[in-house]
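Note that the coordinates shown come from a computational prediction; the quantities given were computed from them, not determined experimentally. Throughout, protein chains are lettered first and strands after them, A, B, ... in sequence-line order, and every chain is numbered starting at 1.
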Amino acid sequence: MKQTLIELLDERVRAALDAAGCEGAPAVVQVSGRPEFGDYQANGVMGAAKARKMNPRQLATQVVEKLDLVGIAGKVEIAGPGFINITLDDVFLAQQMDAALNDERLGVPAVEAKRVVVDYSSPNLAKEMHVGHLRSTIIGDALARVLRFLGHTVIAQNHVGDWGTQFGMLTAYLIEAEQGGDATVALTDLEDFYRRAKQRFDEDEAFATRAREYVVKLQGGDPEVNALWRKFLDVSLHHCEAVYEKLGVGLTREDVMGESAYNDDLAPVVEDLRAKGLAVESDDAIVVYVDGFVNREGDPLGYIVQKKDGGFLYSTTDLAAVRYRVSKLHIDRSLYVVDARQGQHFQQMFAVSRKAGYAPDSVQLEHVGFGVMLGEDNKPFKTRSGGTVKLADLLAEAEERAYALVSEKNPDLPEAERRAIAQAVGIGAVKYADLSKNRNSDYVFSWDTMLAFEGNTAPYMLYAYTRAAGVRRKAEDWNPKAAISLTEPAEHQLALALSRFADALQAVSRETMPHFLCGYLYELATQFMRFYEACPVLKSEGDVRASRLRLCELTARTLKTGLGLLGIQTLEQM
RNA sequence: CUGCCCGUAGCUCAACUGGAUAGAGCAACGGCCUUCUAAGCCGUAGGUUAGGGGUUCGAUUCCCUUCGGGCAGGCCA
């Protein structure tokens, strides 16, 4: 398959518009809002008619006359002011189903491959991962999976925080802990380790002095301090990896490209910016001015790349990273899955990158921002005592709650079985609840809502999959090559939903919006449930039975693939 | 003060380059299990899309404005 359904229809309608004298007019093909308006609608006629001062109904008539949808549409109608409503031919839809079933990629056309960096997760290694890292980690992971599935070369970049003054403090404390003989124990709880180090730093002047010396030694490349630093990072990364594994996120050590990796490039970047006349001194710091940014007083806002004490900032690191990604990784597109609060920073950073020539116009730089996680009280998500919630604890609770639920619904299943289901449901619920919402807005974290079996939730999706997979499994003998026939309305609607998979993925890739995929899968699951209620599968006979089994098969595979692209594991039974 | 994001049913959320009667789930009410998993399906009710103005054949969507909430704004990230 070379194109998606919308691409196909769009091409045909555009050709008809051209033939009707409206060259270059967009077809504006989209899924119909209601069944009585057909399966797809082309809305381009009205706009084209207006631009040419034509009668839209008349133009629509001409377009429909020229419109070649032989073997694709069963019915084409003009409605309202000039809508063209297209109902797909059931034979055509059946062919689509057949093609998808015979394709490992479910009929999703491969796109022109691009090299795409997805920068996500990026925890600070000084501390343990907490809920603040959840959204970046799972949104980024889903986007990486979708882009990869579409045929792009995805380079995940885990831009971890592994540099800065706090690491002097931590390595200094690590020495003390080792002398005390309990370094390994002390490092099992990083959060606690950080707290104690901070406490020593605040209370003991000698320790604070030593910590500051360690920062200098670390930056100076002192082997001993560097070894300690690396040891600490290693432990911290192990913590991250445990979380990634629990979450089912594909990040590995290979993807780690921390702040420290750019240390040697920071001074050259600043030097280069100065040489190009972009960076200038201001209050003893080195800043780059870009148009359109002002501060509180209305004065031009500088983008600081070097502090007055000579130190560099994350702004410098990010510029170095852009250079690296463009010149060494040869990327076409770079996605930064980072908290929306850093929006201005990225706007400035992108602008500087353009001006300095680090990123040519051919390279897309996109900040994939997202809102904060709120508790059910609409305030930032915290523990009951007001502390930050560790990600490991959150995930453990998710599994615990899911286990209780599964045990209540299905007490007869063996313990191990229930544990496995609880893991998929619990983790899936946390991820799906996040991914299913528009990432731009803040979102309310609610155990009850995400673990509900109704509505647009992970449990509902997983249940739909078990039904589809279950029917197929129980069928035993049937002809997997049987022709698909779509006679019932529910069959038509299900097939239609199945045929939209590729377009849903395209939309996710284009807009970097994972919730489009969730919305699609929810629609698919809903249509399947209706089909399941309306059309007996195992109890029907012959060709009808085989045809319906094949629809179940494709539904199961599409749900499994789609949920997989969200990083969610399916279950054969629950 | 400046900029960005948000404001949709009682609650949590949708609405795909502006499209037809703004859709789901929860909560409320009413139906459907000797029938493939009822963890489901069907139905009823629920809206001045924060307010006002503008552009348009058509606005939740674009522009202006007011209100309300969040965030950011030179040496943290």
Side-chain angles (χ1 to χ4, degrees), chain A residues 6 26 28 30-34 36-37 41 43 46-47 49-50 56 79-83 85 122 124 161 164-165 259 282-287 292-299 301-309 311-315 317-318 338-345 347-348 369 371-372 374 376 378 405-406 409-410 425 433 436-438 440-444 446 448-450 452-457 459-460 462-464 466-467 470-472 474-475 503-504 506-507 510-511 513 515-516 518-520 522-523 526 529-530 532-534 536-540 548 552 573-574:
Chain A
I6 285 196
V28 196
Q30 51 189 245
V31 173
S32 288
R34 324 169 155 271
E36 61 264 35
F37 297 148
Q41 56 179 251
N43 304 331
M46 278 99 68
K50 184 167 64 177
F83 296 100
N85 293 336
S122 308
N124 180 352
T165 53
E259 292 172 350
S282 170
D283 292 334
D284 295 327
I286 312 296
V287 306
F293 295 94
V294 294
N295 67 10
R296 255 176 267 267
E297 283 72 43
D299 301 326
L301 179 66
Y303 183 75
I304 299 179
V305 291
Q306 189 168 15
K307 301 191 282 186
K308 63 178 159 197
D309 68 0
F312 300 105
L313 302 105
Y314 73 120
S315 58
T317 308
D318 279 349
V338 181
D339 193 331
R341 285 176 293 198
Q342 292 187 40
Q344 283 99 322
H345 161 69
Q347 290 317 308
Q348 292 188 89
V372 297
L374 304 173
E376 291 187 71
N378 275 314
L405 253 168
V406 172
K409 299 280 185 191
N410 244 328
V425 171
S436 63
K437 286 162 188 80
N438 186 322
N440 282 319
S441 41
D442 295 344
Y443 99 95
V444 177
S446 160
D448 291 341
T449 307
M450 76 175 68
F453 293 91
E454 307 89 2
N456 195 4
T457 63
Y460 180 86
L462 294 175
Y463 178 60
T466 63
R467 274 185 145 183
V471 171
R472 184 188 50 170
K474 280 182 197 151
D503 277 309
Q506 297 281 14
R510 190 177 58 245
E511 310 288 337
M513 288 289 198
H515 83 285
F516 288 169
C518 296
Y520 165 77
Y522 180 51
E523 168 71 13
T526 302
M529 292 290 203
R530 288 179 183 155
Y532 187 90
E533 300 281 339
V537 178
L538 296 179
K539 283 171 189 140
S540 56
R548 288 177 179 173
C552 289
Q573 58 176 321
M574 61 187 280

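Computed from coordinates, the N456(A) CG to rA15(B) P distance equals 11 Å when rounded to whole Å. Spacing between atom CG of D442(A) and atom P of rA72(B) amounts to 11 Å, rounded to whole angstrom units. Between the CG atom of L462(A) and the C1' atom of rU37(B) there is a distance of 14 Å, given to the nearest Å. Per the geometry, CD1 belonging to I286(A) stands 15 Å off P belonging to rC75(B), to the nearest Å. We find that CZ of R341(A) is positioned 6 Å from P of rA72(B), with the value rounded to whole Å. Between H345(A) atom NE2 and rC75(B) atom P there is a gap of 14 Å when expressed in whole angstrom units. Protein atom OH of Y314(A) is 10 Å distant from nucleotide atom P of rC76(B), rounded to whole Å. Between Y522(A) atom OH and rG23(B) atom C1' the separation is 10 Å, expressed in whole Å.
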Quick one, N85(A) with E36(A), criterion side-chain contact (heavy atoms from CB on, under 4.5 Å). Give me CA distance, side-chain angles, the key distance, then yes/no. CA-CA 9 Å; N85(A) 293 336; E36(A) 61 264 35; over 6 Å; no
(request) Apply the test side-chain contact (heavy atoms from CB on, under 4.5 Å) to residues V425(A) and L405(A): give CA-CA distance (whole Å), side-chain angles for both, the deciding distance (0.1 Å), then the verdict. (result) CA-CA 10 Å; V425(A) 171; L405(A) 253 168; over 6 Å; no
Do K409(A) and M574(A) pass the side-chain contact (heavy atoms from CB on, under 4.5 Å) test, and can you show the C-alpha distance, the side-chain angles, and the key distance before you say yes or no?
CA-CA 9 Å; K409(A) 299 280 185 191; M574(A) 61 187 280; over 6 Å; no
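Nucleic acid contact for Q41(A): base, since at least one base atom lies under 4.0 Å from a heavy atom of the residue. In this structure, A507(A) reaches neither bases nor backbone, as no heavy-atom distance under 4.0 Å exists between it and the strands shown. Within the nucleic acid shown, Q342(A) comes within 4.0 Å of at least one base atom, counting heavy atoms only. If you check every strand for non-hydrogen atoms under 4.0 Å, L313(A) touches sugar and phosphate atoms only. In this structure, D448(A) reaches neither bases nor backbone, as no heavy-atom distance under 4.0 Å exists between it and the strands shown. Residue contacts shown for V294(A) are limited to sugar-phosphate atoms, with no base heavy atom under 4.0 Å away. Heavy atoms of K474(A) sit under 4.0 angstrom from primed sugar atoms or phosphate atoms, though from no base atom. At a threshold of 4.0 angstrom between heavy atoms, the contacts of M574(A) include nucleobase atoms, whether or not backbone atoms are also involved. Nucleic acid contact class of Q347(A) (heavy atoms, under 4.0 Å, all strands): none. Nucleic acid contact class of N85(A) (heavy atoms, under 4.0 Å, all strands): base. Contact annotation for A79(A): base contact, defined as any heavy-atom pair under 4.0 Å involving a base atom.
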Quick tally for nucleotides 40-46 of chain B: nucleotides whose base has a protein heavy atom under 4.0 Å get B, sugar-phosphate-only ones S, the rest -, giving BSS----
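Summarising the base pairing, rU34(B) is matched to no nucleotide, lacking a Watson-Crick or G-U wobble pair whose two defining distances lie under 3.5 Å. With a 3.5 Å ceiling on both atom-pair distances, rU60(B) lacks any Watson-Crick or G-U wobble partner. In this structure, rC71(B) forms a base pair with rG3(B), meeting either the Watson-Crick or the G-U wobble geometry with both donor-acceptor distances under 3.5 Å. When both distances must be under 3.5 Å, the Watson-Crick or G-U wobble mate of rU12(B) is rA24(B). Searching all strands for a Watson-Crick or G-U wobble partner of rG43(B) with both distances below 3.5 Å returns rC29(B). Pairing partner, rU49(B): none, since no Watson-Crick or wobble contact has both distances short of 3.5 Å.
Spacing between rA20(B) and rG58(B) at atom C1', rounded to whole Å, works out to 9 Å. Of the P atoms belonging to rG23(B) and rA15(B), the separation is 14 Å, rounded to the nearest Å. Taking atom P in both rU17(B) and rA77(B), one finds a spacing of 39 Å when rounded to whole Å. Nucleotides rG69(B) and rU60(B) are separated by 25 Å at their P atoms, to the nearest Å. For the C1' atoms, the distance from rU8(B) to rG3(B) is 25 Å, rounded to whole Å. Annotation: rG43(B) and rG52(B) have their C1' atoms spaced 39 Å apart (nearest Å). Look at the P atom in both rG68(B) and rC26(B): the space between them is 36 Å, to the nearest Å. With C1' as the reference atom, rG40(B) and rA24(B) are 16 Å apart, rounded to whole Å.
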Can you check nucleotides 3-12 of chain B for protein contacts, nitrogen or oxygen pairs under 3.5 Å, and list what you find?
| residue | atom | partner | partner atom | Å |
| --- | --- | --- | --- | --- |
| rG3(B) | N2 | Q344(A) | NE2 | 3.1 |

Close N or O pairs between protein and nucleotides 55-64 of chain B (under 3.5 Å):
| residue | atom | partner | partner atom | Å |
| --- | --- | --- | --- | --- |
| rU56(B) | O2' | K50(A) | NZ | 3.3 |

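For rC33(B), the base adopts the syn conformation, since its glycosidic angle falls within 90 degrees of zero. Taking the syn range as angles within 90° of 0, the glycosidic angle of rG74(B) is syn.
Under the salt bridge (Lys or Arg N to Asp or Glu O under 4.0 Å) criterion, R472(A) pairs with E553(A), not counting sequence neighbours. Judged as a side-chain contact (heavy atoms from CB on, under 4.5 Å), and not counting sequence neighbours, the contacts of Q306(A) are V270(A), I286(A), F312(A). The ring-ring contact (aromatic ring centres under 6.0 Å, His included) test applied to Y532(A) returns F528(A), not counting sequence neighbours.
Distance from the side chain of K307(A) is smallest to rC76(B) among rA15(B), rC76(B), rA20(B). Among rG25(B), rG74(B), rA20(B), the nucleotide with an atom closest to any side-chain atom of V287(A) is rG74(B). Ranking rU37(B), rG73(B), rG19(B) by closeness to the L301(A) side chain, first place goes to rG73(B).
D318(A) is listed as a side-chain neighbour of H345(A), based on a closest heavy-atom distance under 4.5 Å. You'll find the side chain of V372(A) reaches within 4.5 Å of the side chain of R341(A), heavy atoms only. Using a 4.5 Å heavy-atom threshold, the side chains of P536(A) and R548(A) count as touching.
Contact between the side-chain N/O atoms of Q30(A) and the OP1/OP2 oxygens of rU17(B) is found at a separation under 4.0 Å.
Looking only at distances, no side-chain donor or acceptor of T317(A) sits under 3.5 Å from a matching main-chain atom of E259(A). A donor-acceptor pair under 3.5 Å links the side-chain atoms of S32(A) to the main chain of F37(A), judged by distance alone.
The 5' end of RNA chain B is approached more closely, in terms of each residue's nearest nucleotide, by V28(A) than by the other of T457(A) and V28(A). Between P536(A) and D284(A), the residue anchored nearer the 5' end of RNA chain B, judged by the nucleotide with its closest heavy atom, is P536(A).
Residues G371(A) and D442(A) approach most closely at CA-OD1, 3.3 Å, considering heavy atoms. Nearest heavy-atom pair, S282(A) versus V287(A), reported as atom, atom and distance to 0.1 Å: CB-CG2, 3.8 Å.
For the atom pair K307(A) NZ and D283(A) CG, the distance stands at 15.0 Å (nearest 0.5 Å).
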